[in-house]
Amino acid sequence: MDRSESLDGVPVEVREEYAELLMGSVDVLPEGELLRQLLRARSENRPLRVKLGVDPTTPDLHLGHTVVLRKLAQFQKYGHTVVLIIGDYTGKVGDPSGRSKTRPQLPDEVLAANAKTYREQAAKILDMDKVELTYNGDWLGPLRMDEVLRLTATVTVARMLERDDFSRRYLANEPVSMLEFMYPLLQGYDSVAVRADIELGGTDQKFNLLMGRTIMEAYGLPPQSILTVPLLVGTDGEQKMSKSYGNYIGVTDEPEDMFGKVMSIPDSLMVTYWSLLTGAGTREVESLEKGLADGSYHPAEAKRDLAQRLVALYHSDAAAVAARSHFDRVFKEKDRPVEIPEAPLPEEAVQNGLVWLPRLLTSLGLAPSNGEARRLIQQGGVRVDDAVVQDPATEMEADSLRGTVIQVGKRRFLRVV
RNA sequence: GGGGGGGUGCCCGAGUGGCCAAAGGGAGCAGACUGUAAAUCUGUCGGCGCAGCCUACGGAGGUUCAAAUCCUCCCCCCCCCA
């Protein structure tokens with residue numbers, strides 16, 4: 001977007017605030033509105049109400065979710081009020097988006113549990129003491145039919161079909177349920193309920209966010225402005241980060257795992273991750289880019305630093321350092337990790353004092369089936385005390401196994417005790 | 001209500017009587033290589049102590065020496081017309 005609007009007469013503090021809020025944002029609409037809001041908020045000494053709605057459909061947040069949370073944290077930093085809406089109601093109905101399969105309707109207990117972990121995990125980024133936390137079931141649940149109808153009357157079908165994924169699916173003969181049409185309306189109604197000044201979301205939410213404006217106007221309220229942040233690309237470097245694509249890095253991932261996953265992103269994604277996930281400032285990101293470009297900053301080093309920084313954010317500096325040395329040890333020097341998890345020799349794997357290797361792997365959980373274990377062995381992916389074993393018929397004496405380290409692939413180790 | 005098109009392995013998708021545990025792609029997994037769990041290449045990719053057997057192509061029956069493929073009924077999904 002064009003961000004060259006004149007800042008003449010804008011106080012320096014607001015310029016700074018504005019610049020930081022724009023950083024990393026994709027759409028900030030309508031043009032110039034956010035700046036006006038910031039100025040007004042300042043002159044009236046009234047913080048902006050910044051809305052984010054989340055559906056508690058997954059128990060764990062991943063780094064993709066944190067992009068928008070970081071943006072919220074910036075608003076918070078400047079004294080604005082973050083209004084976090086847990087979509088317990090919308091989650092309960094079950095959004096069938098994208099698939100013909102109806103998404104299972106989540107039971108209350110699951111939603112409540114998800115909401116709880118969401119709060120805990122969001123607390124790593126936001127100051128939750130200052131967040132206004134709400135549940136949209138509080139106002140959507142009691143809505144009467146006539147009120148629902150009033151809501152539906154505010155938007156036309158043609159308008160709905162402007163939404164890219166709706167029209168695309170519609171043209172492709174894929175189902176679009178009425179329920180899905182309701183989602184943007186309910187989300188917009190949330191904005192009415194909390195009197196939002198601005199709503200944040202991923203770029204995929206642009207339509208819904210704009211719908212909030214329409215609906216607020218229909219309810220006689222000043223329409224919110226909207227700010228979108230980029231969707232984070234997952235570790236595969238292609239699709240957006242999502243649990244269902246298996247390309248996600250969870251904020252609760254163990255330090256070593258998180259470190260490793262970060263190391264698996266394509267180089268081309270590094271700068272993006274730095275700027276969207278670490279809270280690094282513009283200057284820091286620029287010098288990093290420069291270093292990578294002129295060769296003074298080795299990409300492998302940059303990625304390690306990135307991984308370390310992210311682990312530090314969600315765990316601790318110590319854990320981050322440990323994860324890094326673990327990674328270097330195991331992958332760079334192809335050595336064993338210092339700490340190897342231990343597991344007792346499973347009884348069921350022992351027959352007449354002998355242990356058949358594939359069965360050992362499955363019973364230790366290192367392979368899902370004997371067939372898979374066989375393949376791993378044949379492909380040279382299994383080591384017993386550093387020695388590759390390639391014969392799937394291998395049998396070993398149970399007693400001799402105790403204390404040995406079983407390795408599957410490059411990164412799974414287990415010591416039999 | 002009428003007409004048409006579909007339901008295949010984790011996902012997408014080919015297959016219309018045997019050569020089909022089912023092409024191809026993606027994901028996953030393993031190996032090689034590398035600064036990396038990047039990229040690339042190779043292999044593998046239902047289960048079973050596996051040169052064999054079992055289970056599988058929406059569900060249930062049936063025809064056949066033989067069915068994902070043909071028939072019957074049922075369930076589910078999509079589109080068009082009304």
Side-chain angles (χ1 to χ4, degrees), chain A residues 96 98-103 168-178 180 233-249 253-273 291-292 295-308 310-311 323-335 337 348-352 354-363 365-383 388-396 406-413:
Chain A
R99 287 277 150 251
S100 49
K101 293 166 197 154
T102 309
R103 214 192 246 183
R168 203 189 60 245
R169 280 160 55 202
Y170 186 67
L171 290 172
N173 290 347
E174 284 169 18
V176 178
S177 74
M178 289 299 292
E180 286 178 84
V233 175
T235 54
D236 59 354
E238 290 182 6
Q239 290 180 291
K240 69 169 183 180
M241 183 173 285
S242 155
K243 199 164 188 177
S244 49
Y245 295 143
N247 62 356
Y248 73 103
I249 303 175
D253 280 353
E254 291 303 309
E256 288 170 5
D257 214 30
M258 186 183 281
F259 194 98
K261 283 184 181 179
V262 175
M263 289 305 288
S264 79
I265 65 169
D267 288 2
S268 56
L269 219 52
M270 274 198 284
V271 174
T272 307
Y273 270 44
L292 287 170
S296 63
Y297 194 21
H298 196 287
E301 197 58 19
K303 209 184 280 184
R304 279 192 181 74
D305 290 344
L306 170 66
Q308 184 174 339
L310 288 171
V311 174
R324 180 177 187 137
S325 59
H326 172 270
F327 183 88
D328 286 349
R329 185 176 165 82
V330 175
F331 299 106
K332 209 171 155 192
E333 290 149 36
K334 296 187 194 280
D335 207 345
E348 71 270 18
V350 183
Q351 276 177 6
N352 304 325
L354 290 176
V355 177
W356 179 50
L357 189 54
R359 189 178 302 289
L360 177 69
L361 298 183
T362 46
S363 58
L366 292 170
S369 68
N370 289 353
E372 179 68 21
R374 238 169 218 287
R375 275 175 231 125
L376 286 167
I377 294 165
Q378 280 163 349
Q379 295 189 113
V382 175
R383 289 163 191 263
V388 176
V389 180
Q390 268 187 298
D391 180 3
T394 302
E395 305 221 24
M396 285 165 292
I406 312 290
Q407 179 182 355
V408 173
K410 291 189 175 70
R411 49 192 149 122
R412 286 140 79 205
F413 297 84

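Sequence lines set the chain letters: A, B, ... in the order given, protein chains first and strands last, and positions in each chain run from 1.
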5' precedence on RNA chain B between A/Glu256 and A/Thr362 (nearest-nucleotide basis):
A/Glu256

Can you list the residues that meet the salt bridge (Lys or Arg N to Asp or Glu O under 4.0 Å) rule with A/Glu301, with sequence neighbours excluded?
A/Arg324

Can you check the A/Leu269 CG to B/A39 C1' distance for me, whole Å?
14 Å

Residues passing the ring pair (Phe, Tyr, Trp, His ring centres under 6.0 Å) test with A/Phe259, sequence neighbours excluded, are A/Phe327

Return whichever of A/Val408 or A/Glu301 has its heavy-atom-nearest nucleotide of RNA chain B closer to the 5' end.
A/Val408

B/C53 and B/G2, which share atom name P, separated by this distance in whole Å
49 Å

Quick one: does A/Gln379 reach the base of B/G43 with a side-chain donor-acceptor pair under 3.5 Å?
yes

For B/U42 versus B/C48, give the span between their C1' atoms, rounded off to a whole number of Å.
28 Å

Counting only heavy atoms and a strict 4.0 angstrom limit, can you tell me which residues of residues 388-396 of chain A come near RNA chain B?
A/Ala393, A/Glu395

Send over the distance from A/Phe327 CZ to B/G35 C1', rounded to a whole Å.
9 Å

Nearest-angstrom distance, C1' atom, B/A27 to B/G13
14 Å

Main chain of A/Val233, side chain of A/Tyr273: is a donor-acceptor contact present, judged purely on distance under 3.5 Å?
yes

Could you tell me how far B/A38 sits from B/A30 if I compare only their P atoms? Round to whole Å.
10 Å

When you compare B/U72 with B/C65, how far apart are their C1' atoms, in angstrom units rounded to a whole number?
23 Å

In whole Å, what is the span from the CE atom of A/Met270 to the P atom of B/U36?
13 Å

List for me each residue that meets side chain to side chain contact (heavy atoms under 4.5 Å, CB included) alongside A/Ser264, sequence neighbours excluded, and say none if there are none.
A/Thr235

Donor-acceptor under 3.5 Å (A/Thr362 side chain, A/Pro358 main chain)
yes

Contact residues, residues 259-267 of chain A to RNA chain B [heavy atom, < 4.0 Å]
A/Gly260, A/Met263, A/Ser264, A/Ile265, A/Pro266, A/Asp267

If the C1' atom of B/A37 is compared with that of B/A32, how far apart are they to the nearest Å?
15 Å

In whole angstrom, give me the gap between the P atoms of B/C45 and B/A22.
10 Å

Sole candidate of A/Asn370, A/Leu361, A/Thr394, A/Val350 that passes side chain to side chain contact (heavy atoms under 4.5 Å, CB included) when paired with A/Trp356:
A/Asn370

Of the candidate nucleotides B/G35, B/G49, B/G31, which contains the atom at the shortest distance from the side chain of A/Lys410?
B/G31

For RNA chain B, which residues of residues 367-376 of chain A approach it to below 4.0 angstrom with any heavy atom?
A/Ser369, A/Asn370, A/Gly371, A/Glu372, A/Arg374, A/Arg375, A/Leu376

Measure the distance from CZ on A/Arg359 to P on B/C50 and round it to the nearest whole Å.
11 Å

Can you tell me, in whole Å, how much space there is between the C1' of B/U69 and that of B/U8?
11 Å

